[in-house]
J.: 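One structure coming up, written as structure tokens, with questions to follow.
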Amino acid sequence: MRKPIIAGNWKMNMTPAEAERLVAELIPLLKDAACEVVICPPYVDLALVGKLLVGTNIKLGAQNVHWAPKGAFTGEISADMLLAIGVSHAIVGHSERRQYFGETDETVNKRAKAALDANITPIICVGETLEQRESGVTDTIVSKQTIAALAGFSAEEVVRSVIAYEPIWAIGTGRTATNEDANTTIKVIRDAIAGVYGQKVADEVRIQYGGSMNAKNATELMAMPEIDGGLIGGASLKSEDFSKVVHF
Ligand code: 13P
């Protein structure tokens with residue numbers, strides 16, 4: 001019922017020339033994908049990549065979005081600007097932004113709402129630190145982050161959103177959550193959504209796993225009933241690896 005969605009988060013990688021080469025490799029490799037496929041290059045590559053993706057099945061995502069339509073917000077990009085160059089998805093609240101750039105539950109909520117208002121799908125990231133996991137507060141943390149990110153949304157807006165569960169200790173470390181742990185925590189997130197919006201809405205929301213997901217472990221992770229997709233960092237930078245994840 002929930003269509004799987006695999007998204008590549010290129011983070012701060014790929015010059016325009018490098019992006020062009022990678023996209024040229026990805027287009028034929030991914031053309032028969034059964035799932036929804038999104039790539040999220042850095043801002044400087046977006047317009048170029050958007051042009052290259054016209055007429056393909058690969059969707060274009062940004063790595064962030066500001067909540068205001070325009071104005072004095074140096075370094076930020078608005079949803080309308082993204083929409084104008086063909087962006088359909090935007091990552092919001094990635095843990096790297098929360099950790100290094102002062103992103104809060106409140107700004108995540110505002111960014112996600114602005115994306116939805118522009119008909120851009122927010123990919124809202126939540127996840128616990130290693131310390132939080134070891135002290136047994138994972139469920140509380142991810143539930144709180146999720147409900148805060150969705151604050152004020154209608155049921156329809158919740159269904160249009162994608163949640164990405166990314167345990168911080170699994171990001172870029174090669175240490176993936178076990179299939180069971182990822183599935184269990186995603187179920188916790190779904191239950192939290194059900195608690196506020198009802199089971200029907202919760203059953204429709206797609207929730208990805210992210211954190212060292214790659215060509216080797218994607219099949220097993222995607223076989224778990226609660227996991228509806230992946231948010232892929234390192235393995236999205238190599239066409240063959242990303243293709244294997246997409247064809248899980
Ligand atoms: P890695 O796949 O490199 O662990 O990164 C995951 C991630 O943060 C995707 O947003």
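Counting starts at 1 for both ligands and their atoms, following the listed order.
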J.: Give the residue, atom name and distance (to 0.1 Å) of the protein heavy atom nearest atom 7 (C) of ligand 1.
T.: E166 OE2, 3.0 Å
J.: For ligand 1, note which part of N9 has a heavy atom under 4.0 Å away: side chain, backbone, both or neither.
T.: side chain
J.: Within this structure, what is the CD1-OG distance for the pair I6 and S236, rounded to the nearest 0.5 Å?
T.: 11.0 Å
J.: Going by heavy atoms, is G211 under 4.0 Å from ligand 1?
T.: yes
J.: Taking all atoms of both residues into account, what is the closest heavy-atom pair of C125 and I91, and its distance?
T.: SG-CG2, 3.7 Å
J.: What protein heavy atom is closest to atom 5 (O) of ligand 1, reported as residue, atom name and distance in Å?
T.: K11 NZ, 3.2 Å
J.: May I ask you to say whether D105 pairs ionically with R98, meaning some side-chain N is under 4.0 Å from a carboxylate O?
T.: yes
J.: Between T121 and R206, is there a side-chain donor-acceptor contact under 3.5 Å, judged purely by atom types and distance?
T.: no
J.: Compute the minimum heavy-atom distance from A235 to ligand 1 and say whether it is under 4.0 Å.
T.: no
J.: Check this for me, if you would: do E25 and R21 make a salt bridge, where the nitrogen-to-carboxylate-oxygen distance has to be below 4.0 angstrom?
T.: no
J.: Where is the nearest protein heavy atom to atom 3 (O) of ligand 1: which residue, which atom, and how far?
T.: G234 N, 2.8 Å
J.: Does some non-hydrogen atom of A170 fall short of 4.0 Å from ligand 1?
T.: yes
J.: Nearest 0.5 Å, please: how far is CG in L53 from CG in L60?
T.: 6.0 Å
J.: As a check for students: among G172, G233, A7, identify the option with a heavy atom nearest to atom 4 (O) of ligand 1.
T.: G172
